[in-house]
Amino acid sequence: MSEEKRANNFIEDIIEEDLQQGLSEDLLRFRFPPEPNGFLHIGHASAICLNFGLGEKYNKPVNLRFDDTNPAKEEAKYVEAIQRDVEWLGYEWDQLCFASDYFQQLYDWAVQLIKNGKAYVDSQSSEEIAAQKGTPTEPGVDGPYRNRSVEENLQLFEGMKNGEYGESEHVLRAKIDMQSNNMLMRDPIMYRVVNRSHHRTGTDWKIYPMYDWTHGESDYIEQISHSFCTLEFLPHRELYDWFLDQVVEDKKVRPKQREFARRNVSHTVTSKRKLQKLVDQGVVSGWDDPRMTTISGLRRRGYTANAIKNFADSIGIAKRDNLVDMNHLEFHLRDDLNKVANRVMCVLDPIKLIITNYPDGQEEMLQAENSQEDESRGYREVPFSKELWIEREDFKESANKKYFRLTIGKEVRLKNAYIIKGTSCVKDDDGNITEIHATYDPDSKSGSGTEASMRRVKGTLHWVSAVHALPVEVRLYDRLFSVPSPDTDKEKDFMEFINPDSLSVITAMAEPAMRQIPVGETVQFQRKGYFCVDPDSTEEKMVFNRTVTLRDTWAKLDQ
RNA sequence: UGUCCCAUGGUGUAAUGGUAACACUCCGGUUUUUGGUACCGUCAUUCUAGGUUCGAGUCCUAGUGGGACAACCA
């Protein structure tokens with residue numbers, strides 16, 4: 001592998017600069033910190049690739065940390081799904097961490113802040129607190145409880161912890177600056193009372209720390225050197241640093257938060273709320289519906305981890321708003337699948353082809369290569385007989401020179417078999433073609449080495465022997481949304497842009513060897529695209545999902 | 001009438017004061033028992049105006065445009 005060295009992105013520049021400033025490379029440590037309140041999607045995949053990619057680049061540990069401070073939204077099932085998705089992408093975390101493991105330490109630190117006069121218990125309603133907070137253009141004002149005594153604060157906070165108060169009766173706030181330009185610095189809430197069972201700590205805690213108080217301190221506890229997050233957290237950095245200032249000790253690594261722009265992919269949505277709505281309203285079958293750009297959906301669709309990683313790597317990382325074209329993702333998908341997927345023949349829209357000069361009842365086994373890209377994958381046997389299925393679109397009674405497929409009087413190659421010539425076709429009362437007749441050249445068998453077999457014909461068709469054909473269900477997926485950016489329209493809801501033709505289900509005719517393909521494996525249906533065996537498959541009926549079509553320059557010309 | 005962030009082909013990213021490049025897309029061609037793949041080629045880019053400099057995509061100022069910030073969410 002002679003990989004061209006990619007230029008450093010600005011995140012790597014930050015690390016390199018820190019190393020030059022004297023940070024020991026041994027101290028490098030990263031983390032991926034999802035909240036377990038939903039499934040990971042393509043946007044998370046980029047963040048995973050960024051953080052774990054840094055870990056690989058510097059050969060340094062990366063923690064998987066669940067930011068589980070809100071028991072109202074978080075569930076163990078998401079923890080499991082997230083771990084599975086990260087593993088499927090092919091990454092290994094160093095430590096599996098939970099912010100909830102740090103609840104006691106966070107509490108102790110909070111008590112220390114109170115003692116230092118840096119935090120206080122506020123006993124107003126959330127409306128009152130919000131009113132005093134001001135707006136982005138107007139400063140806030142101090143609330144009436146801001147100068148409570150340390151003793152009273154300590155007592156109330158302990159009472160909150162012990163469950164002596166109901167939700168919203170009291171909160172703990174950092175005492176910073178109600179006039180700050182940065183609204184996050186206007187005495188942010190550190191703790192609130194939540195009467196819910198937590199997926200890990202059960203009912204041990206009655207109070208739960210807020211994101212800002214938790215995140216930086218968790219980074220510090222784990223000694224994360226660089227904490228990368230999306231741009232929306234940029235205003236939080238000031239607070240992140242303020243909270244760190246309250247607890248850092250000299251000899252320890254002080255984590256550094258830096259922000260990058262979230263990467264958006266066209267023709268999809270990634271907000272958890274919107275994905276949830278698609279599931280709830282039955283637009284899709286679930287979080288792992290193959291049309292969803294969740295990692296589990298992409299996996300079920302037939303995407304490979306490498307395709308996603310290559311994609312993430314190729315689109316880079318920066319600070320400006322972006323909308324990456326889905327074509328980019330599909331390029332990397334085809335690029336990888338082309339290398340790793342075996343080829344098979346499957347007719348999606350079958351029409352009968354009868355080889356009139358092939359003996360009745362005769363059949364023979366032909367050799368078919370499993371991959372044109374990798375000869376070491378060998379060959380399989382495909383049965384051939386007098387009656388075949390071919391694609392309806394591969395025959396026209398007559399056509400112009402640009403049509404390379406079967407017409408009456410013209411020769412085409414049946415892939416891995418013989419050269420045939422169209423002779424006639426049968427139509428029903430409405431004029432629809434129901435059957436095609438052709439003759440074959442017995443000397444033209446693929447690979448036989450005869451002069452006839454070497455003859456050049458422009459078109460090659462895939463086919464399946466009718467008596468041997470295996471009917472399979474094929475789910476043809478297309479993009480879920482018909483516009484590049486469904487969730488940025490000011491007037492219309494994203495649901496209005498759903499593509500009504502994102503799924504069509506057909507029965508296709510497969511070559512018998514396809515019965516052996518295991519669930520989850522993606523193969524190429526020669527000339528049609530890549531297809532993956534869906535878990536819905538049964539002994540009686542296999543189900544294939546179309547992962548992506550092949551590039552089709554003919555389809556473009558045809559328009 | 002605030003603070004902060006951002007601005008390079010259609011899309012995404014490089015160029016670290018010294019010839020604006022790479023990938024995708026589009027278009028055209030060669031090869032091909034997949035109208036796939038591979039290979040080759042074409043088109044196309046620094047938001048505007050000043051300033052600093054021998055030299056600015058890069059540094060400074062202003063403007064314009066886009067985005068973020070008023071959850072007891074993360």
Between [N] and [X], is there an OP1 or OP2 to side-chain N/O distance shorter than 4.0 Å?
X: A:R186; N: B:A70; value: no
X: A:K133; N: B:A70; value: no
X: A:R527; N: B:G35; value: yes
X: A:R65; N: B:A74; value: no

When the aromatic ring centroids of [X] and [Y] are compared, is their separation below 6.0 Å?
X: A:Y240; Y: A:H236; result: no
X: A:F233; Y: A:Y211; result: yes
X: A:F531; Y: A:F544; result: no

Gap between atoms [atom1] and [atom2], on [X] and [N] respectively (whole Å):
X: A:D321; N: B:A68; atom1: CG; atom2: C1'; result: 9 Å
X: A:E259; N: B:C69; atom1: CD; atom2: C1'; result: 13 Å
X: A:I315; N: B:U11; atom1: CD1; atom2: P; result: 15 Å
X: A:M183; N: B:C72; atom1: CE; atom2: C1'; result: 15 Å
X: A:N182; N: B:C4; atom1: CG; atom2: P; result: 11 Å
X: A:N370; N: B:U33; atom1: CG; atom2: C1'; result: 16 Å
X: A:L184; N: B:C4; atom1: CG; atom2: C1'; result: 11 Å
X: A:K309; N: B:A23; atom1: NZ; atom2: P; result: 23 Å

When you measure only distances, ignoring hydrogens and angles, does the side chain of [X] come within 3.5 Å of the base of [N] through a donor and an acceptor?
X: A:Q524; N: B:U34; value: yes
X: A:R413; N: B:U33; value: yes
X: A:T137; N: B:U1; value: no
X: A:H332; N: B:A23; value: no
X: A:R456; N: B:U33; value: no
X: A:R551; N: B:G35; value: no

Mind checking if [X] touches a base, just sugar-phosphate, or nothing, with heavy atoms under 4.0 Å?
X: A:Y403; value: base
X: A:S168; value: base
X: A:Q124; value: base
X: A:N37; value: nothing
X: A:K415; value: base
X: A:Y208; value: nothing
X: A:I317; value: sugar-phosphate

Query raised in the report: Taking atom P in both B:C22 and B:C39, what distance in whole Å separates the two?
Result: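 These two P atoms come out 15 Å apart once rounded.
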Query raised in the report: Using atom C1' of each nucleotide, how far apart are B:A21 and B:C54 to the nearest Å?
Result: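 Result for the C1' pair: 25 Å, nearest Å.
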**Report entry** Aromatic plane relationship, A:Y208 with A:F103 - under 30° parallel, 30 to 60° tilted, over 60° perpendicular
**Finding:**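 Perpendicular, since the angle between the ring planes exceeds 60°.
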Query raised in the report: Are side-chain heavy atoms of A:H170 and A:E164 found at a separation under 4.5 Å?
Result: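 Sidechains of A:E164 and A:H170: no contact.
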Query raised in the report: Does a side-chain heavy-atom distance below 4.5 Å link A:E35 with A:E74?
Result: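 A side-chain contact under 4.5 Å exists here.
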Query raised in the report: A:T201 side chain to A:H198 main-chain N or O, any donor-acceptor pair under 3.5 Å?
Result: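 Absent.
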**Report entry** Any donor-acceptor pair under 3.5 Å from A:R31 side chain to A:F228 backbone
**Finding:**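 Side chain of A:R31 to backbone of A:F228: a pair is present.
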No-hydrogen, no-angle side-chain donor-acceptor test under 3.5 Å, [X] and [Y]:
X: A:T268; Y: A:R479; result: no
X: A:T270; Y: A:R262; result: no
X: A:D336; Y: A:T304; result: yes

Query raised in the report: B:G35 base stacked by A:W554? Criteria: ring centres under 5.5 Å, plane angle under 30°.
Result: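 Stack criterion met.
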Among [options], which is the nearest nucleotide to the side chain of [X]?
X: A:T460; options: B:C72, B:U33, B:G12; value: B:U33
X: A:N9; options: B:G35, B:A14, B:G12; value: B:A14
X: A:D325; options: B:A14, B:U11, B:G35; value: B:U11
X: A:L550; options: B:G36, B:C6, B:U32; value: B:G36
X: A:E373; options: B:G67, B:C72, B:G36; value: B:G36
X: A:T69; options: B:U25, B:A74, B:C69; value: B:A74
X: A:H236; options: B:C72, B:A74, B:G12; value: B:A74
X: A:T553; options: B:C73, B:U33, B:G36; value: B:G36
X: A:D552; options: B:G35, B:A74, B:U11; value: B:G35
X: A:V171; options: B:C72, B:A74, B:A23; value: B:C72

**Report entry** For RNA chain B, the dot-bracket pattern of Watson-Crick and G-U pairs whose distances stay under 3.5 Å, | for other-strand partners
**Finding:** .((((((..((((....[..))))..((((.......)))).....(((((..]....))))))))))).....
Report task. Specify the residue among A:F331 and A:A261 whose closest nucleotide of RNA chain B lies further upstream toward the 5′ end. Result ->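 Of the two residues, A:A261 wins.
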Query raised in the report: In terms of the nearest nucleotide of RNA chain B, which residue is placed more toward the 5' end: A:N8 or A:N338?
Result: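 Its nucleotide being nearer the 5' end, the pick is A:N8.
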